[in-house]
J.: 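Shown below is the structure under consideration.
This one's a predicted model, so the numbers in the text were calculated from it and none came from an experiment. Every chain is numbered from 1 and lettered A, B, ... according to where its sequence line falls, protein lines coming before strand lines. Below, each value reflects all heavy atoms present in this structure, side chains not excepted, and no hydrogens, waters or symmetry copies.
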Number of protein chains: 2
Amino acid sequence: MNLEQLRGFATIARVGHFTRAAEALHLSQPSLSRQISTLEHDLGTTLVNRTRGNLTLTAAGRALLPLATRMLADAESIRVEMAELAGLRRGRVRLGAPPTLCVSLVAEVLETYRATYPGIELQISEAGSRMLLEQLTGGQLDLALIVTSEHAVTEPSLTHTEVLVEQLVVADSMQHPRLGQGPVELRDLAMVPQIAFSPSYDLRAATQSAYRTLGLSPNVVIDGGEMDAVLRFVQVGLGVAIVPATALVGRSQLHGRALRSSARKDTDLAQPNLERTIGLAHRRDTPPGAAAIAMRELLLQTAGQLAQRHPQISLRS
Amino acid sequence: MNLEQLRGFATIARVGHFTRAAEALHLSQPSLSRQISTLEHDLGTTLVNRTRGNLTLTAAGRALLPLATRMLADAESIRVEMAELAGLRRGRVRLGAPPTLCVSLVAEVLETYRATYPGIELQISEAGSRMLLEQLTGGQLDLALIVTSEHAVTEPSLTHTEVLVEQLVVADSMQHPRLGQGPVELRDLAMVPQIAFSPSYDLRAATQSAYRTLGLSPNVVIDGGEMDAVLRFVQVGLGVAIVPATALVGRSQLHGRALRSSARKDTDLAQPNLERTIGLAHRRDTPPGAAAIAMRELLLQTAGQLAQRHPQISLRS
DNA sequence: CATGATGCATAGCTTACTGCTATGGAAATC
DNA sequence: GATTTCCATAGCAGTAAGCTATGCATCATG
């Protein structure tokens, strides 16, 4: 018997559905299924009547539920009390991130962080990497996610750790695809209608330089959009866009097709860089507070989960 | 955070000592040490002040203790309530076992079983395998551990599963050793003074037949003893005795030296059998009650642990 | 003052557990 | 009767948690 199993049981009892409960727990259905059957075997009783349509608890299950609920509540109390004693009851974290990361990694992290440390004030600064580094140096930020492959951290008062490497991919619509199966070559992509980002994006510079390296100029049909608008345009089939892999996480209506610079590996031409490295920067001198340390830990952990789930994202640590 | 870690913490808080607490939990000291440091890292606070001599809890530790204790109590309640609903609140198990196993496997199993299901009445029948099989057939036992390598289960109303295979070893005193290092050959052992068991033991027949196979007759100096007496005689140096490996579990003052029948492997002579197989028998017709099933599970589990810890004992499943 | 004993931490390894994907089978729905 | 929905099972991979061996600090002792 362990807390995860009890949490699984309590969730099933609440939603009356294995599959839904698994979703609520961010777990696959078979994992939850086995969690429960392991628990049942361990306790020597069945807990849930699996009748199709509506699950019900057995007598043992009904007896277990209040105890399980209380234990989970106690576990939560422990977390809260310990966090208070560790100085995480109140405080502030100021996190900077480029727009491309705000829609995926940062959104997920903030959701969890808010739930875990509800007393901590959160401030987000969405800007380009150069701007973020300036804000960090000026003390307006505690932590900043930056594109280190574009903007090396040269400022001596700052330091950073690399968090993940993500491929650049071509976002294409599921309903109105512009591309076929398999990886796309940059040279073939140039002719396909493209949606380009606003020049303030690091990503735009990276994309342009990739094309320039191969002596190509893309067929841009819409220019200057922000992330959400661009992805929306792609979705309705106006064209495709080159985006980092994390920007497509959780967008089931878009497909991220792998990007290849050239089919011929024996060419002597310089190959454009089709991936980017994300780092987490902070000041070297000022020791980060407990709230910032917790944020950093959570960012690294969540990045690890992303990398595990998506082949186009990998860890760098 | 998990229940094992909380149990570790609570035990340390109780006994004020890592090493002692580890013993109380049947755990190695490093395992407990890491359990606590993992918990501390997870909760983001130190819980224990490691000052030599007397450990004290930090403020966070003092805050954690009552919650941890309550969760552990709840976990225990769950076990008890589920056991009651599964029909293990009251009942009876009648277990038979040969004397050689009662001192080790059975003792350990009964200790755990009694703690887990205090309402179940336990009856132990200590006898030879033949007698046990009769009692099982006659309905005077629910389960019996028997030496299947000596007494095959031929009775059609019975069935059995093999539990473990154990080597026969030579018990020798630590303080007054009769033997040198390394494995002993049966032929060399014959001259060393021996303590022999009472003829009612299956073991005695097995030992005698092993000697007879090689045309040897041992130098028996004391005859007819029961298990505890024989081991005691060995311990004070009166002689050595051939015993199954399980009989020496937990007896740190005795050493079990491996037994070999012949150094020459090319001999054509039949080799005596220097191991024995232990099986768990029960009636085929009568379905065992919940109490007996729980006993069976626990026996198999404990046998697995024994096999893991002792190279001369191995599983058979 | 050195020397050994004691007690917790660390390192390296192996096993077990828990997550996943792919797939099976039964019941409900069209 | 085909399809869909929903839970169970199988097989695999990565993490976690156990162990032994060893390190390091502190305290007692010759």
J.: Going by heavy atoms in the side chains, are B:Met295 and B:Tyr117 under 4.5 Å from each other?
T.: no

J.: Assess whether side chain to side chain donor-acceptor pair (under 3.5 Å) is satisfied between B:Arg276 and B:Thr100, documenting all intermediate values.
T.: CA-CA 12 Å; B:Arg276 65 180 202 171; B:Thr100 43; 2.7 Å; yes

J.: Whole Å only: how far is the CD atom of B:Gln35 from the P atom of C:dT10?
T.: 16 Å

J.: Taking five pairs at each end of the helix from C:dC1-D:dG30 to C:dC30-D:dG1, what angle separates the two helix axes (nearest 10°)?
T.: 10°

J.: Given that B:Thr19 and B:Arg34 both sit by DNA chain C, which one's nearest nucleotide is further toward the 5' end?
T.: B:Thr19

J.: Starting from the 5' end of DNA chain D, give me the residue, B:Leu27 or A:Ser33, whose nearest nucleotide shows up first.
T.: A:Ser33

J.: What I want to check is whether an N or O donor and acceptor connect the side chain of B:Arg50 with the base of C:dG7 at under 3.5 Å.
T.: no

J.: Locate the shortest heavy-atom distance separating B:Met82 from A:Thr45; write the atom from each residue and the value.
T.: O-OG1, 3.8 Å

J.: Give the rounded distance in Å between these two atoms: CG of A:Leu47 and P of D:dC7.
T.: 16 Å

J.: If we count only N and O atoms by modelled type, under 3.5 Å, do the side chains of B:Thr246 and B:Glu166 hold a donor and an acceptor together?
T.: yes

J.: Could you go step by step and tell me if B:His282 and B:Thr159 meet the side chain to side chain contact (heavy atoms under 4.5 Å, CB included) rule?
T.: CA-CA 6 Å; B:His282 57 90; B:Thr159 181; 3.5 Å; yes

J.: Looking only at heavy atoms, what is the nearest atom pair of B:Val243 and B:Ala171, with distance?
T.: CG2-CB, 4.0 Å

J.: Between protein and nucleotides 21-26 of chain C, map the contacts as a letter string: B base, S sugar-phosphate only, - none, heavy atoms under 4.0 Å, written 5' to 3'.
T.: BB----

J.: Quick check: closest heavy atoms across B:Leu280 and B:Leu143, and the distance to 0.1 Å?
T.: CD1-CB, 4.1 Å

J.: Nearest whole Å is fine: how far is D:dC19 P from B:His26 NE2?
T.: 12 Å

J.: Do B:Leu254 and B:Met174 touch side chain to side chain, with heavy atoms closer than 4.5 Å?
T.: no

J.: Are OP1 or OP2 of D:dA17 and a side-chain N or O of B:Asn2 less than 4.0 angstrom apart?
T.: yes

J.: Are more than 12 heavy atoms, taken from residues, nucleotides or ligands other than B:Gln305, located less than 6.0 Å from that residue's CD atom?
T.: yes

J.: A:Ile12 CD1 to D:dC7 P: how many Å, rounded?
T.: 8 Å

J.: What is the nucleic acid contact for B:Glu4, judged by heavy atoms within less than 4.0 Å: base, sugar-phosphate only, or nothing?
T.: nothing

J.: Rounded to whole Å, please give me the gap between CE in B:Met1 and C1' in D:dA16.
T.: 17 Å

J.: Rounded to whole angstrom units, what separation is found between the CD atom of B:Gln305 and the C1' atom of D:dG18?
T.: 12 Å

J.: Starting from C1' on D:dT5, measure out to CD on A:Glu23 and report it in whole angstrom.
T.: 13 Å

J.: Take the protein atom NE2 of A:His41 and the nucleotide atom C1' of D:dA8, then report the distance between them rounded to whole Å.
T.: 16 Å

J.: Of the nucleotides C:dC8, C:dT18, D:dC7, which one has an atom closest to the side chain of A:Gln5?
T.: C:dT18

